[in-house]
Each structure stands twice: as C-alpha cells, then as structure tokens.
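Before any comments, here is the structure.
All values reported here derive from a predicted model rather than from experimental measurement. By convention in this document, chain letters (A, B, ...) are assigned in the order of the sequence lines, proteins followed by strands, and residues within each chain are numbered from 1.
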There are 2 protein chains.
Amino acid sequence: MTERSGRRPAAVVAVTVDLVIFTVRQDRLHVLLIERGNEPYLGRAALPGGFVRHGETLDQAALRELREETALDGRQLHLEQLHAYSEPARDPRGRIITVAYLALGPDLPLPVAGTDAAAARWTSLSSALDGGVPLAFDHAAILRDGLERARSQLEHTTVAAAFCPEPFTVGDLRRIYEAVWGFKLDPSNFRRKVTRTEGFLEPTGDRRVPEIGRPAALYRRGPASLLIPPLLRTGDVTLP
Amino acid sequence: MTERSGRRPAAVVAVTVDLVIFTVRQDRLHVLLIERGNEPYLGRAALPGGFVRHGETLDQAALRELREETALDGRQLHLEQLHAYSEPARDPRGRIITVAYLALGPDLPLPVAGTDAAAARWTSLSSALDGGVPLAFDHAAILRDGLERARSQLEHTTVAAAFCPEPFTVGDLRRIYEAVWGFKLDPSNFRRKVTRTEGFLEPTGDRRVPEIGRPAALYRRGPASLLIPPLLRTGDVTLP
DNA sequence: GTATTTTGAGTCAAGCTGACCTTTAGCTAG
DNA sequence: CTAGCTAAAGGTCAGCTTGACTCAAAATAC
C-alpha cells in the first residue's frame with residue numbers, strides 16, 4: 001500500500017468467508033447449502049460461511065467454517081481461495097466483503113446436526129442454479145464462479161481424485177468428470193489418458209467386484225497435481 | 001454467511017488493494033515498484049496500492065490506484081484479481097487484509113510525477129525477485145504469485161497481446177512470451193500456432209519496416225480470449 | 001554486390017487424439 | 001451348465017498437432 005494511507009480515512013469493513021463445497025452423489029454434482037436462520041434473507045438458501053475472527057487468516061477461517069458445517073477436517077479435501085466479492089450493496093447489513101473458497105471432497109458425511117448452523121443439505125447443482133432455489137446475497141454468482149473454476153481445475157489438475165473416496169476405480173473417476181462437466185467421456189480413451197499420466201493414479205493391486213460387470217482395478221491418488229497436457233482440447237463445457 | 005454472525009463479534013479490518021503491474025521493456029519483464037514515503041518500511045520498495053474507500057468495490061479501487069500511479073486509464077490493459085492475503089502480522093499497523101490485482105500492459109508511460117506517490121519506477125523482475133531489492137510487507141510473495149499467474153495466463157489465454165501496443169508483429173508477440181517465460185521459442189512454430197488460432201490476431205494489412213531484417217506484417221488483437229489448445233505442452237517454466 | 005538479419009513458408013518423423021472394435025471377467029437367468 | 005448381460009481393459013487406425021529443421025524472401029549495412 002502507498003503512503004496515501006495516512007491521509008485518506010481507510011474504509012473499515014467486516015470480512016467473511018463463504019464456501020462453495022462440491023461433491024458428487026449419484027453421478028450428479030451437488031453443493032452444500034444451508035438455510036439461513038437469521039435476517040437478512042431469513043429462510044433463504046445460502047452458501048455456508050461466516051465472519052473472519054481476530055488473529056485468523058482467511059484460510060484458517062475457511063477451514064474452521066468447513067469443520068463447523070460439515071464435521072470434515074479439511075485435510076482430506078481440496079480447498080482453495082476462489083475470489084473476493086466486494087459490491088458495497090451485496091449485504092444489506094453494511095459494508096461486508098467476502099472471500100469465497102472452493103472445496104472439493106468425496107461424498108461427505110452429512111453436516112452434523114446440533115451446531116448453531118441451520119439445516120444444511122446437499123443440493124444438486126441443477127436445482128441450485130436454475131432459479132428453483134433462490135440464493136441469498138450474491139451467492140448465485142459465487143456459485144457460478146465456483147462451478148467454472150471447478151470445471152477448469154478438472155481439466156488442468158488432478159483434483160478430480162479429491163472427489164473419490166479411496167480406493168477408487170478409473171470408472172469412478174470418469175463419472176466425476178462426467179458429473180462436473182455435464183457430458184459423457186469415452187471410457188477407453190479416458191482410461192488411456194489418466195493411466196498414462198505419470199503420478200495421477202497409483203494402483204493398489206486390489207480389485208473391486210461390482211454388482212454387474214467386470215471387476216475393476218483399484219487406485220489411490222498419486223503425487224502429481226498437474227495434468228500435462230490437459231484432458232481435453234475442445235474447451236467448451238455446457239451448463240447442466 | 002451463516003447466522004453465527006450475530007453471536008460472535010466480527011473482526012473489523014481495513015482492506016487494501018495492491019497491484020502487480022507488469023510490462024515488457026527491452027525484452028525483459030518489469031514490474032512497477034514505488035518507494036515508500038511513510039512508515040512502516042519507509043524508503044523500501046513496494047507494490048503500488050492503497051486503502052479501499054467507502055462505497056468502492058475492489059475492482060474500482062484497483063482501477064483508481066492504477067490511474068493514480070501510472071496515469072493509465074485501465075481500459076487499455078488487462079486487470080484481474082489475483083489473491084487475498086490475510087496473515088494477521090503482515091502489516092505492523094494492525095489487521096489489514098489486502099487483495100492483490102494483476103495488471104498487464106504495454107510499455108507504459110512512466111508514472112506521472114507530482115502525485116502524492118513517492119518515486120515509482122519500472123524494475124526488472126530479476127532485480128525484484130533475487131533479493132537485491134527487498135520489498136515491504138509480504139509483497140515479495142505477492143509478486144511471485146503474480147508472476148506465476150501471468151505465466152499461466154500466457155499459456156491459456158490471449159492476454160499476451162495486452163503487452164503489445166497496437167499494431168504489433170508476430171515477432172513482438174513472441175518476444176513477450178520469451179520475456180515472461182524466460183526461454184526462447186522457435187519463431188516459425190510460434191507463428192504457425194498464433195496465426196492459426198482463430199480470433200487471436202487480426203491482420204491490419206500494413207507492414208512495418210524494421211531497422212534490420214525483412215518487413216513484418218502488422219496485427220491487432222482479435223476477439224478471442226482463450227487459447228485452445230494451450231501454447232505449450234511441457235508445463236515447466238524456470239524463474240529468470 | 002555481398003553479408004546480415006528477421007520474416008515467413010514448408011517438410012517430416014514422432015506422438016497424441018478421437019472413434020471404434022474386441023476381449024475379458026464377473027454376474028444372472030433359464 | 002450355458003447363454004446373455006454389463007462394464008473393464010486393451011487394441012487399432014486415420015487424422016491431426018507438435019517440435020526440429022530447412023529454405024526462400026525482403027529489407028538494410030557495408
């Protein structure tokens with residue numbers, strides 16, 4: 001910051017973190033939404049989140065909210081900062097800036113009851129985005145940005161594996177991609193791609209026998225984090 | 001945010017924006033640094049920036065700072081939000097969160113004198129990052145993140161053209177890539193790539209006669225913003 | 001005119017992609 | 001026991017892109 005700081009009064013604001021927590025259940029992308037128990041937007045659906053406390057970094061606040069809302073410790077899932085939203089009128093209570101985080105995790109245990117959070121539930125992305133479930137504040141825009149980031153991350157990184165409880169099969173992983181991107185992938189070509197990418201998948205040696213079909217080899221997440229080259233070349237993805 | 005907001009005291013913080021402004025001069029990447037005229041870090045080099053004012057969005061604050069520091073209107077250059085930095089001890093004056101922005105522009109007119117900003121100057125990335133010019137606050141980390149983002153953006157988008165004053169040649173554009181990425185590209189293959197990417201370059205029909213060498217065709221920026229597929233497949237870039 | 005420099009076009013082997021086909025391994029129905 | 005079903009796993013192949021390379025074109029300097 002510049003020395004201008006001493007002359008103009010600094011705008012003092014409150015800062016929150018909001019979480020876009022994605023998971024895939026029944027082959028469809030879901031987001032964790034809570035029902036607001038206070039004004040404003042009482043009763044409306046919203047992204048989980050809360051105020052940043054004194055002495056806390058944004059990352060720490062996001063991890064704390066994640067733990068409080070989902071009883072997840074955050075060490076098992078992917079968490080990254082998404083964007084800061086600052087429209088002065090975005091919160092009727094006053095000047096509140098929020099920093100959104102994107103979290104990707106396997107089909108998580110449902111949020112614990114009994115916390116001070118109102119009812120939290122997994123909502124399919126289609127219901128959350130088509131206007132059937134109106135969201136509080138600017139959370140619809142945040143959700144759209146989170147979806148866009150998640151789709152991009154799947155193409156360029158190995159985070160898709162964060163959606164899969166270990167161990168998982170190549171088919172499990174492919175269904176993650178299909179749920180997030182919204183279209184089918186060729187199973188054979190997908191397998192060739194992910195198994196040839198060094199460090200993406202580590203075979204456990206075991207197999208899983210499904211109810212129908214041939215048994216599939218099981219894998220763990222490997223050490224690689226980047227997908228080079230990316231998974232697709234045609235970069236257009238359609239909304240669900 | 002959740003209803004928890006009403007029970008716990010919200011941490012009230014000041015928010016600043018800091019700008020990582022890159023340009024390419026003499027085939028080398030440069031960043032705009034100011035010399036601090038106030039405590040803390042009096043006399044140290046720092047990224048330009050300042051406090052967000054009341055009723056102002058972060059984007060507006062970043063554009064305003066950009067205008068104040070560089071006399072640029074921001075309509076000609078690329079500006080995007082980079083990351084929010086929130087380490088409680090990052091500013092000795094107290095709890096100050098900063099949202100960093102990345103700006104890419106052509107070799108800009110040097111910052112106007114006479115503003116309340118202290119001396120501002122273009123600093124080569126090598127001097128700014130090798131420790132020869134220690135930066136105030138956590139600005140060294142912000143600068144590294146900005147460089148990483150800029151390198152990634154060049155690979156996946158057409159923002160490299162934002163570094164070039166129009167009209168420009170394919171060689172001009174290639175030298176941008178070489179300066180930001182820190183290695184040479186094959187001129188012939190680079191030309192094939194960028195001219196075949198639909199909407200990247202629009203020929204003006206004119207040519208530019210250089211001091212030495214064959215005249216080069218001139219181009220304007222096209223409407224495309226994404227590079228599909230990306231420019232490289234080997235994704236490793238070395239620091240300057 | 002010759003040397004030099006940069007642009008611009010072309011060649012070619014190697015590798016990857018997307019589309020498609022075949023086989024394998026388990027289950028279930030009859 | 002066999003036939004049929006499903007999904008996994010592996011293979012084929014034309015077409016495209018890439019990276020390395022060569023070569024011609026257009027200007028200036030000497």
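B:F190 has its CZ atom 17 Å from the C1' atom of D:dT17, to the nearest Å. Distance, A:K193 NZ to C:dC16 C1': 7 Å, rounded to whole Å. Atom CZ of B:R191 and atom C1' of D:dG19 are 16 Å apart (whole Å). Between A:K184 atom NZ and C:dG18 atom P there is a gap of 18 Å when expressed in whole angstrom units. In this entry the distance linking CD1 of B:I228 with P of D:dC16 reads 19 Å, nearest Å. Between the CG atom of A:L173 and the P atom of D:dA7 there is a distance of 18 Å, rounded to whole Å. Distance, A:F168 CZ to D:dA8 P: 14 Å, rounded to whole Å.
Of the possible donor and acceptor atoms, one in the side chain of A:T169 sits under 3.5 Å from a partner among the backbone N and O of A:G171. With hydrogens and angles ignored, the 3.5 Å screen pairs a side-chain donor or acceptor of A:Y101 with a backbone N or O of A:D59.
Of the listed nucleotides (C:dA25, C:dC12, D:dA9), C:dA25 has the atom at the smallest distance from the side chain of A:R207. For A:D186, the side-chain atoms get nearest to C:dC20 when compared with the rest of C:dT17, D:dG10, C:dC20. Closest to the side chain of B:N189, out of C:dC20, D:dT17, D:dC21, is D:dC21.
Relative orientation of the A:F137 and A:H139 rings is tilted, given thresholds of 30° and 60° on the angle between their planes.
Contacts of A:F163 classified as ring pair (Phe, Tyr, Trp, His ring centres under 6.0 Å), with partners at least two apart in sequence or in another chain: none.
Taken residue by residue, residues 208-219 of chain A places heavy atoms nearer than 4.0 Å to DNA chain D at A:I212, A:G213, A:R214, A:P215, A:A216, A:A217.
Ring centroids of B:F190 and B:Y177 are separated by less than 6.0 Å, placing the two rings close together.
If you check every strand for non-hydrogen atoms under 4.0 Å, A:S188 touches a base. At the heavy-atom level, A:R174 lies under 4.0 Å from the strands shown only through sugar-phosphate atoms.
Side-chain atoms of B:D145 and B:Y85 include a donor-acceptor pair closer than 3.5 Å. Under 3.5 Å, the side chains of A:T23 and A:D107 contain no donor-acceptor pair of N or O atoms.
Scanning atom types as modelled, no donor and acceptor separated by under 3.5 angstrom connect the side chain of B:R192 and the base of C:dG10.
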